[in-house]
*Asks:* 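Attaching a single structure in structure tokens format; questions to follow.
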Amino acid sequence: MSIAGKAMKITTNTLQEMKNAGEKITMLTAYDFSMARILDAAGIDAILVGDSASNVMAGNDTTVPITLDQMIYHAQCVVKGVNRALIVCDMPFGSYQGDSRRALNSAIRIMKESGSHAVKLEGGAEVVESIERILTAGIPVMGHLGLTPQSIYKFGTYSVRAREEEEATKLIEDAKLLEAAGCFAIVLEKIPADLATKVTAAVNIPTIGIGAGSDVDGQVLVIHDLIGLTHEFNPRFLRRYLNLYDEMTKAVEEYITDVRSQDFPNDEERYS
Ligand code: KIV
């Protein structure tokens, strides 16, 4: 049986064992109880309570506005729906950068108030001090390199990162720094596949890709994109497994028609 198949609970150690055995790691985002319950029951290895909640749940243009309290709320909802998967909660913008004490306090709040199993934060050398401090409290940390959406106002676009040699070299160095600091895994977002292959070979901890090709140790997607609840977002890396936006629109239109025509509720759908 596979390592993931044998695990009653997925831990950070399970992910490392999966990498060592060449078994791919599956990860998806979730932000609420109902969705988390489906992903967990389906057998997902890890759930990311992503700060993409800022976009897909709150309707913001970026991940910048979401607060620590809001991330904790989403993580609390997810935790209630999960028995087996590893739950990683994103640290939101402003909760860890440039101040390792604040970073530690934010991570402790996430762990204590939500019941998440680990935190994730974006960046390389510039956040290593925060990572090291969080780790002193025994909190597992996942890194995130490449396209780091919390820095959107620095990048100016959501296009592929590290195509140039200088940025690619820094990214590999950052990945090694994150590993040396003690991160248990690293998300690689929207970078050339060849670079992701190099990063994955350069570190011993698992790499989880999103728009980083197939030579990484696992994949992560935003659940709303996978099931097609979002429909205006169509990056090359995205494979949609459902088209729920159209399905739901159709269902709601049918409901409106049925109520207006008094077809709903019918005799079987009422109490006597
Ligand atoms: O917030 C998020 O959904 C993420 C993934 C894109 C990795 O960080």
Side-chain angles (χ1 to χ4, degrees), residues 15 24-32 35-36 39 44-68 70-75 77-78 85-97 106-107 110 114 116 118-124 127 131 140-152 155 157-162 171 174-175 178 183-191 196 199-200 205-213 216-227 229-230 233-240:
L15 301 193
K24 294 287 184 189
I25 298 162
T26 61
M27 188 176 200
L28 285 170
T29 66
Y31 319 98
D32 66 86
M35 202 74 93
L39 306 191
I44 202 78
D45 299 316
I47 292 181
L48 173 65
V49 185
D51 61 355
S52 46
S54 180
N55 307 95
V56 297
M57 300 300 288
N60 295 314
D61 287 340
T62 73
T63 57
V64 171
I66 199 161
T67 65
L68 185 57
Q70 287 166 339
M71 288 305 300
I72 289 171
Y73 166 74
H74 285 295
C77 301
V78 166
L86 179 79
I87 303 167
V88 183
C89 181
D90 257 338
M91 298 189 67
F93 177 70
S95 72
Y96 62 91
Q97 293 96 337
S106 305
I110 288 173
S114 76
S116 296
V119 297
K120 173 166 87 58
L121 51 80
E122 298 180 2
V127 291
I131 291 172
V141 180
M142 177 179 267
H144 184 153
L145 298 172
L147 177 64
T148 46
Q150 292 179 11
S151 308
I152 181 59
F155 295 148
T157 89
Y158 287 105
S159 55
V160 178
R161 302 302 313 172
L171 196 145
D174 278 344
L178 294 187
C183 285
F184 71 89
I186 306 172
V187 166
L188 299 176
E189 181 165 353
K190 226 170 170 189
I191 60 170
V199 176
T200 302
I205 55 175
T207 55
I208 315 279
I210 173 165
V216 284
D217 301 306
Q219 298 290 334
V220 58
L221 282 178
V222 169
I223 186 65
H224 287 56
D225 298 334
L226 178 148
I227 62 178
L229 261 182
T230 50
F233 178 64
N234 283 302
R236 180 193 186 112
F237 68 77
L238 175 61
R239 185 179 295 181
R240 287 199 198 283

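In listed order, ligands and their atoms are each counted from 1.
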*Asks:* With a 3.5 Å cut-off and no angle check, do the side chains of S52 and T29 form a donor-acceptor pair?
*Replies:*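 Judged by distance alone, the side chains do not pair up.
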*Asks:* Check ligand 1 against D90 and write out every atom of the ligand that is under 4.0 Å from a heavy-atom position of the residue.
*Replies:*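 In order of numbering, the contacting atoms are 1 (O), 2 (C), 8 (O).
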*Asks:* Is a side-chain N or O of H144 found less than 3.5 angstrom from the main chain of E122, in a donor-acceptor match?
*Replies:*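 No, the answer is negative, given that no donor and acceptor are paired below the 3.5 Å cut-off.
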*Asks:* How does L48 reach ligand 1, if at all, at less than 4.0 Å between non-hydrogen atoms: by side chain, backbone, both, or neither?
*Replies:*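 It is the side chain that touches ligand 1; the backbone stays farther off.
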*Asks:* Report, in ascending order of atom number, the atoms of ligand 1 lying under 4.0 Å from any heavy atom of H144.
*Replies:*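 Atoms satisfying the 4.0 Å criterion: 8 (O).
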*Asks:* Going by the atom numbers of ligand 1, which of them fall below 4.0 Å from some non-hydrogen atom of I210?
*Replies:*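 Those of ligand 1 that fall under 4.0 Å from I210 are 6 (C).
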*Asks:* Verify, without hydrogens or angle tests, whether Q150 (side chain) and L121 (backbone) share a donor-acceptor contact under 3.5 angstrom.
*Replies:*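 A pair under 3.5 Å: no.
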*Asks:* Just jot down the ligand 1 atoms closer than 4.0 angstrom to any heavy atom of V222, in number order.
*Replies:*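 Atoms satisfying the 4.0 Å criterion: 3 (O).
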*Asks:* Just to confirm my output: which protein heavy-atom neighbour is closest to atom 3 (O) of ligand 1, and how far is it?
*Replies:*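 In this structure, atom 3 (O) of ligand 1 has S52 OG, 2.5 Å as its nearest protein heavy atom.
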*Asks:* Mind listing the closest non-hydrogen atom pair of I205 and F184 along with its distance?
*Replies:*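 Closest approach of I205 to F184, heavy atoms only: CB-O, 3.6 Å.
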*Asks:* Regarding ligand 1, does T29 bring an N or O atom to under 3.5 Å of one of the ligand's N or O atoms?
*Replies:*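 Checking ligand 1 against T29, no N or O pair falls under 3.5 Å apart.
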*Asks:* Is it true that, when you exclude Y73 itself, more than 12 heavy atoms of the residues, nucleotides or ligands shown sit nearer than 6.0 Å to its OH?
*Replies:*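 No, because the 6.0 Å sphere around OH of Y73 holds 12 heavy atoms or fewer from other groups.
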*Asks:* Please say whether more than 12 non-hydrogen atoms of neighbouring residues, nucleotides or ligands are located less than 6.0 Å from CG in D61.
*Replies:*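 No, CG of D61 has 12 or fewer neighbouring heavy atoms, counting only those of other groups under 6.0 Å.
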*Asks:* Are H224 and F233 near enough that their ring centres are under 6.0 Å apart?
*Replies:*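 They do not qualify: ring centres at least 6.0 Å apart.
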*Asks:* Considering distance alone, does some N or O of E189 sit under 3.5 Å from an N or O of ligand 1?
*Replies:*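 E189 vs ligand 1: no N/O contact under 3.5 Å.
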*Asks:* Between K120, Q150, M27, which one has a non-hydrogen atom sitting closest to atom 8 (O) of ligand 1?
*Replies:*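 Comparing heavy atoms across K120, Q150, M27, the nearest one to atom 8 (O) of ligand 1 lies in K120.
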